[in-house]
Number of protein chains: 2
Amino acid sequence: MQIGELARQTGCEVETIRYYEREGLLPAPARSASGYRRYEPGHVEQLNFIRHCRSLGMSLADIRQLADYHRHPAPEPCDRVNALIDDQIRRVHSQIETLQQLERQLLALRGRCHSPHTLADCGILKTLEDASSGEPCACHPPATGKKIAG
Amino acid sequence: MQIGELARQTGCEVETIRYYEREGLLPAPARSASGYRRYEPGHVEQLNFIRHCRSLGMSLADIRQLADYHRHPAPEPCDRVNALIDDQIRRVHSQIETLQQLERQLLALRGRCHSPHTLADCGILKTLEDASSGEPCACHPPATGKKIAG
DNA sequence: GCACACCCTGTAGCTACTATAGGGTCAAGC
DNA sequence: GCTTGACCCTATAGTAGCTACAGGGTGTGC
């Protein structure tokens, strides 16, 4: 099949497929006399593998590793596969925690301006301004030993 | 002060300061006879303002807006400031939800391989392989109407 | 006159694509 | 035989927010 058909079957953009080939994620297919890429059914699965891993937030470098393990299922232990997934879980978890803290900070900042104000009176701008001068701000309370609410 | 001193006072890299200037976030300072940038104390505050907003995850485009409002506190209402923060809160919140779903999927995938296996027997690789062939996988359970556990 | 810390501009790199520009191929229809 | 249109090709630049060079100039102390 041609690249357009592969794209349709996998829901992946044509440009992305060519990009994966350049990046060594998808093996280069045979070419027709006129230089068109000719894919086999196996390519559909390989591309699905990549897209599935991407949907799990994995980096292309990690996927390259996983795809290699998948293509060459040696009798060695699969510790590295597990470690790779564990790392990904840790990364995602720490991103969640960072974003949750961010959300709390943003909500605190947002709480500084409710009723209609002018720009000159906006509690949000005032808070940001004070913070720029080194004053303590609502959004970044001193976290040294003290609980936020308790 | 020179750019290095501004960098020290704000904890911001010299290259980043020049980058902010290029991007129109930080006003271009005066120059010495030999072309060195000469910053005033006001620049410290403006850079702190930018860094503070960045620490809240805001985009440079949004910060450019906020900094403009801050520099020109007109008597117009501050609705746009509030809307900007609200949008940021929404963005962060939806990122959190996406990542939480990702985490659940990764944990489900991880659960397919516990004891020591070989690469050929790895439940994680198997799961990814099956998913590539269109079979239902542990990490992406069908969410159409059915609850995962219940 | 040299070493060294600092400064300058300009450009390339990072991730994972996406979007062009500028061209070739192929089948159908007239 | 010619055109039209869908498809394909390569190469390059753009996205966000920096970071890291290369290749050079400046300023101060010894």
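Treat the numbers as computed from the prediction; the structure is a model and nothing was measured. Chain naming here is simple, since letters A, B, ... match the order of the sequence lines and numbering starts at 1 in each.
Taking every heavy atom of residues 12-23 of chain B and every atom of DNA chain C, pairs under 4.0 Å involve B:Arg18, by number. Contacts with DNA chain C (heavy atom under 4.0 Å) in residues 51-59 of chain A: A:Arg51, A:Arg54, A:Ser59, listed by number.
Counting only residues at least two apart or in different chains, ring pair (Phe, Tyr, Trp, His ring centres under 6.0 Å) contacts with residues 45-77 of chain A comprise A:Phe49-A:His70, A:His52-B:His140. Within the structure, the ring pair (Phe, Tyr, Trp, His ring centres under 6.0 Å) test picks out no pair touching residues 85-129 of chain A (sequence neighbours left out). Screening residues 121-138 of chain B for salt bridge (Lys or Arg N to Asp or Glu O under 4.0 Å) gives no qualifying pairs among residues at least two apart or on separate chains. Within the structure, the salt bridge (Lys or Arg N to Asp or Glu O under 4.0 Å) test picks out the following pairs touching residues 6-20 of chain A (sequence neighbours left out): A:Glu5-A:Arg8.
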Contact state string [nucleotides 1-6 of chain C, B base, S sugar-phosphate only, - no protein heavy atom under 4.0 Å]:
-----B
Using atom types as modelled, flag every donor-acceptor pair under 3.5 Å from a side chain in residues 33-41 of chain B to any protein atom, sequence neighbours excluded.
unit_1, atom_1, unit_2, atom_2, d
B:Ser34, OG, B:Ser32, OG, 3.1
B:Arg37, NE, B:Glu21, OE1, 2.7

Show me the donor-acceptor pairs, under 3.5 Å and distance only, between side chains in residues 73-89 of chain A and residues at least two apart or in other chains.
unit_1, atom_1, unit_2, atom_2, d
A:Asp86, OD1, B:Arg110, NE, 2.7
A:Asp86, OD2, B:Arg110, NE, 3.4
A:Asp86, OD2, B:Arg110, NH2, 3.4
A:Asp87, OD1, A:Arg90, NH2, 2.7
A:Gln88, OE1, A:Arg91, NE, 3.4
A:Gln88, OE1, A:Arg91, NH2, 2.8
A:Gln88, NE2, A:Leu56, O, 3.3
A:Gln88, NE2, A:Gly57, O, 3.0

Is there any protein nitrogen or oxygen under 3.5 Å from a nitrogen or oxygen in nucleotides 3-5 of chain D, and what are the pairs?
none

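For A:Glu97, the salt bridge (charged side-chain N to carboxylate O under 4.0 Å, His left out) test picks out no residue, with sequence neighbours left out.
Axis angle between the ends of the helix from C:dG1-D:dC30 to C:dC30-D:dG1, five pairs each and rounded to 10 degrees, works out to 40°.
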